[in-house]
Amino acid sequence: MFSHVMLGADDIDAAKKFYDACFKALGGREGMVDPKGRLIYMHNGGIFLVSKPIDGQPATCANGGTIGFAVESEEQGNAWHAAGVANGGTAIEDPPGIRTSEIGSMYLAYLRDPAGNKICVMKRMG
């Protein structure tokens with residue numbers, strides 16, 4: 001359904017430090033910065049980018065928006081969360097763990113990246 005996801009950030013170096021650590025915890029590689037200054041990650045067929053806004057205005061995070069990344073296990077999600085907090089992210093919402101709702105049980109962990117974007121990891125249980 002998605003070709004890629006891009007988030008805005010004013011400090012690409014801080015974003016790279018944060019996302020390099022988070023994606024390494026998921027088995028990915030460090031991001032690369034293209035000639036336009038965009039930070040690019042490619043993993044398991046997905047493309048995730050971080051860029052200074054093209055319009056030259058300050059980056060802002062989406063109010064109510066969340067980008068979710070898949071994890072293979074609770075352990076991998078916990079490692080992602082710890083790597084993010086250790087590299088400039090902020091833990092938000094409930095602590096990482098299993099939550100049950102009308103659509104079933106799932107493991108979730110939430111962070112805000114250094115630019116304030118809300119991201120999470122998720123694994124559907126059973």
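Atoms considered below: every heavy atom in the structure, side chains included; atoms not considered: hydrogens, waters and symmetry mates. All figures in this text were calculated on a predicted structure; none of them were measured in a lab.
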Any side-chain heavy-atom pair from Lys36 and Ser51 closer than 4.5 angstrom?
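Answer no - side chains too far apart.
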
Can you check whether His4 reaches Leu49 side chain to side chain, under 4.5 Å on heavy atoms?
yes

Of Arg99, Lys118, Arg112, which is the lone residue that meets side-chain hydrogen bond (donor to acceptor under 3.5 Å, both in side chains) with Glu93?
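Only one of Arg99, Lys118, Arg112 forms a side-chain hydrogen bond (donor to acceptor under 3.5 Å, both in side chains) with Glu93, namely Lys118.
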
For [X] against [Y], the heavy-atom pair lying closest together:
| X | Y | result |
| --- | --- | --- |
| Gln76 | Ala25 | CG-O, 3.5 Å |
| Ala21 | Asn87 | CB-ND2, 3.2 Å |
| Gly8 | Ala59 | C-CB, 3.6 Å |
| Val50 | Ala15 | CG1-CB, 3.9 Å |
| Ser105 | Thr100 | OG-OG1, 3.0 Å |
| Phe18 | Gly88 | CD1-C, 4.2 Å |

Contacts satisfying side chain to side chain donor-acceptor pair (under 3.5 Å) that involve residues 19-33 (not counting sequence neighbours) are Lys16-Asp20, Tyr19-Asp113, Asp20-Tyr41, Lys24-Glu30

Nearest-0.5 Å distance that lies between atom [atom1] in [X] and atom [atom2] in [Y]:
| X | Y | atom1 | atom2 | result |
| --- | --- | --- | --- | --- |
| Asn44 | Glu72 | CG | CD | 7.5 Å |
| Met32 | Ile40 | CE | CD1 | 4.5 Å |
| Tyr107 | Asn78 | OH | CG | 3.5 Å |

With a 4.5 Å cut-off on side-chain heavy-atom distances among I, L, V, M, F, W and Y, is there a chain of contacts connecting [X] to [Y]?
| X | Y | answer |
| --- | --- | --- |
| Tyr110 | Ile119 | no |
| Val121 | Ile47 | no |
| Ile103 | Leu108 | yes |
| Ile67 | Leu111 | yes |
| Leu26 | Met122 | no |

For Ala115, is there any backbone N or O sitting under 3.5 Å from a side-chain donor or acceptor partner on Asp11?
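No; zero donor-acceptor contacts below 3.5 Å.
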
Counting only heavy atoms from other residues, nucleotides and ligands, does the tally under 6.0 Å from CE of Met42 exceed 12?
no

Report the relative orientation of the aromatic rings in Phe48 and Phe69; use parallel for angles under 30°, tilted for 30 to 60°, perpendicular for over 60°.
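Judged by the thresholds at 30° and 60°, the geometry between Phe48 and Phe69 is perpendicular.
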
